[in-house]
Every structure is written in structure tokens, then in C-alpha cells.
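The structure appears right after this line, and notes come after that.
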Amino acid sequence: MDNHGTTIALDTAQVTRFFELGYLVFPAFLPSDLVARLETEVDRWVDTGLRDRSIAACLDPESAGTPAVLEIELAAHGELVGHPPLLSTISRLIGPDFVFHHMHSNRQAPGSAGKEWHHDYEQGPHADRSKVMVHALHYLGGLDPTVGALAVLPGSHRELAGKRARAHLGTAELPGEAVIDDLPPGSTVLLHSALFHARRPSPAGQRRERYMVDSSYCQCGVSWPPVKPYWRHLLARGRALGLDGGRWPELFAERHFTEYVRPN
């Protein structure tokens, strides 16, 4: 893909690689003007407390209620959810019928802790992987060794394991892992959501912040558990804003979800 967002047609080898290894890397996937607008919105999301209120609405929905602003209601973030090259690429992997699950947006400060080995596949119990969930990790400023690498464990998406089955290992190096730490701004990593991955801690002396937005999508055909108590409001806003661009009728359809169950 060039810097104007022209779609790259995935070839058979790339599709095979995704299902064998569990991930694909797309350097400079997002156009530079979208990246700039996203970074401005991430600053607003973090600095004004919108991110904290979004988290509170998940941790204590009775007290916090529904957030006044959702990530997808920020113009560039909403554009990213339905970014045509992204959705076309996902459709090449899992077919044309998929539904938006959620979005997270953050700016990690220098010195931030890492995140232990985990996966993000939302079916439970983890006995059915017949349908695919995909996470798109968008690194707005790119990745390099100074901001903390993304480590993935190729092939681990084929295991029937809980999300935190490797959490006790922290962010330790694992045999067979692949480290992604050399990406230009606007790069995207597509993960099979069941792939174990970790964010390595920021190294000493880190100078710049790490901007990352992730969005996730689920193949239709099973009922998916939502992770946000206000999931119906989220999908309704996606429909009202027309974020599917008129091309993806299932993208914000409620019928693909179970009822929300608050985690322990």
C-alpha cells in the first residue's frame, strides 16, 4: 500500500502466512494525513480524561454510566474503523461478513511498563476457533527499539488456551518468538486475535511517546461476547455515523453478539 491508501491485493502466500503464523505486517499502511489527525485525537483522548472515563465505564458501569464520547465518535478514529483498505484486507482473510468488536486508543509515555504475554480472542470457553477474530494494531509513530517492541509467538493462535495462559512469563523472551521493532509511521500489524503477543517494556532512556490504536473485527457465523457494557450504544453510533461507508452491512449489527457479562 502506498501513502495514499491504495489497497494491496493479498496474494495466496500472504493469506497462507496469516493462518499459519497468525499475523501479517504492513509497513506505512495508513496515509500520512490520517496518521497526523489520529495523533491529534489520541492526545485529546488521553489529555482530557476521555480515555480514563471510558475505562471507568467498563470497570464500574453502574456509577460511571455510558461515556459521553466514544473513540469512534472522534472523526479520524471513526474513519479508521471503516478505512476501506483495512476492511478490504480483512475481507480477503476472513470473508466479507464480519462485525466490529471494539477499539482502543492510547499514548504510552516514556518508561511505560510492558504488557505480559496474552491473547485477545473473545470466545469462551476456549474450545471453538471455527470463526476468526482479527486485531489491527496501528502504530501511528511506527516502532523502533527505543519505544518498546511488539513480540509475537508464531503459530500460538492454533492452541486452545485461555487469554492469560502465559501471563506468568511476563514479557520474557520465548523460544520461537518474532520481534517487531522496525516499522515506519502509520504501520499496521494484523493479528489473529488468538495469537499470543506481548509489549516489551520501554527501554531506559526512551525519548518519545508510543502512539497506538487498535481495532478488532469478528467473522460472522457465531455469537461473540462483547467486552464493553455499552456495546449496543457503540454499535448504534457506528450505524448512525455511517462508518461502514455503505459497503459492509454487518459491521455494526447487534445480532452477532451475546449479552454482556461483567468479568470477575
Side-chain angles (χ1 to χ4, degrees), residues 18-25 51 54-61 71 81 90 93-94 98-106 108 112-139 143 148-180 188-201 210 212-231 234-235 256-264:
F18 177 80
F19 284 102
E20 286 186 351
L21 300 184
Y23 71 102
L24 289 173
V25 179
R51 181 174 183 274
S54 176
I55 293 171
C58 293
L59 296 177
D60 188 6
E71 289 103 325
V81 167
I90 291 173
L93 294 172
I94 65 175
F98 51 88
V99 63
F100 173 71
H101 195 273
H102 67 275
M103 171 177 271
H104 289 142
S105 184
N106 197 11
Q108 285 137 359
S112 295
K115 183 167 178 61
E116 69 278 355
W117 286 100
H118 67 287
H119 71 70
D120 295 303
Y121 192 84
E122 291 296 342
Q123 283 288 354
H126 290 280
D128 181 8
R129 296 281 172 81
S130 61
K131 299 299 180 182
V132 181
M133 183 178 187
V134 175
H135 270 65
L137 310 183
H138 305 288
Y139 294 98
L143 284 180
L150 171 67
V152 300
L153 195 59
S156 59
H157 61 297
R158 296 194 294 270
E159 301 175 10
L160 293 178
K163 288 182 171 187
R164 295 180 53 79
R166 288 182 169 87
H168 64 287
L169 301 172
T171 62
E173 294 183 17
L174 299 184
E177 71 171 34
V179 176
I180 302 169
T188 296
V189 180
L190 283 185
L191 297 184
H192 189 300
S193 300
L195 186 76
F196 278 91
H197 57 286
R199 183 180 76 243
R200 293 274 153 76
R210 188 177 190 264
M212 200 269 280
V213 180
D214 76 74
S215 52
S216 58
Y217 306 83
C218 302
Q219 189 177 27
C220 297
V222 296
S223 295
W224 295 90
V227 294
K228 297 181 184 292
Y230 50 88
W231 65 275
L234 176 68
L235 295 177
H256 302 297
F257 292 91
T258 63
E259 291 299 320
Y260 173 77
V261 176
R262 188 171 180 176
N264 294 329

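Residue numbers count from 1 along this sequence.
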For the aromatic rings, using the six-membered ring if either is Trp, is the centroid distance between [X] and [Y] under 6.0 Å?
| X | Y | value |
| --- | --- | --- |
| F19 | H157 | no |
| H119 | H197 | no |
| H104 | H138 | no |
| Y260 | W231 | no |

Calculate, to the nearest 0.5 Å, the distance between atoms [atom1] and [atom2] belonging to [X] and [Y] respectively.
| X | Y | atom1 | atom2 | answer |
| --- | --- | --- | --- | --- |
| D120 | L195 | CG | CG | 10.0 Å |
| L174 | W117 | CG | CH2 | 4.5 Å |
| L235 | K228 | CG | NZ | 11.5 Å |
| Y217 | F100 | OH | CZ | 6.0 Å |
| Y23 | L137 | OH | CG | 12.5 Å |

State, yes or no, whether a side-chain contact exists between [X] and [Y] at a heavy-atom distance under 4.5 Å.
| X | Y | answer |
| --- | --- | --- |
| M103 | L234 | no |
| H192 | L21 | no |
| E122 | S193 | no |
| S130 | V222 | yes |
| V132 | L93 | no |
| Y121 | L191 | no |
| L143 | R210 | yes |
| Y139 | L150 | yes |

So which heavy atom on [X] is nearest to which on [Y], and how close?
| X | Y | value |
| --- | --- | --- |
| G176 | P154 | O-CD, 3.3 Å |
| G221 | K131 | CA-CE, 3.9 Å |
| P229 | A57 | CG-O, 3.3 Å |
| E177 | A151 | OE1-CB, 4.3 Å |
| A136 | L190 | CB-CD2, 3.6 Å |
| A161 | R129 | O-NH2, 3.4 Å |

Please answer whether the main-chain N or O of [Y] pairs with a side-chain N or O of [X] as donor and acceptor at a distance below 3.5 Å.
| X | Y | result |
| --- | --- | --- |
| R262 | C58 | no |
| R200 | A113 | no |
| Q123 | S223 | yes |
| S156 | F196 | yes |
| H101 | P225 | yes |

Flag yes if more than 12 heavy atoms outside R158 fall under 6.0 Å of its CZ atom; otherwise flag no. yes
Establish, from distance only, whether the side-chain atoms of Y230 and S54 form a donor-acceptor pair under 3.5 Å. yes
Criterion side-chain contact (heavy atoms from CB on, under 4.5 Å) on R199 and M212, from CA distance to verdict: CA-CA 12 Å; R199 183 180 76 243; M212 200 269 280; over 6 Å; no
List the steps and the verdict of side-chain contact (heavy atoms from CB on, under 4.5 Å) for F18 and V134. CA-CA 11 Å; F18 177 80; V134 175; 4.1 Å; yes
Check ion pair E116-R166 (N to O, under 4.0 angstrom): no
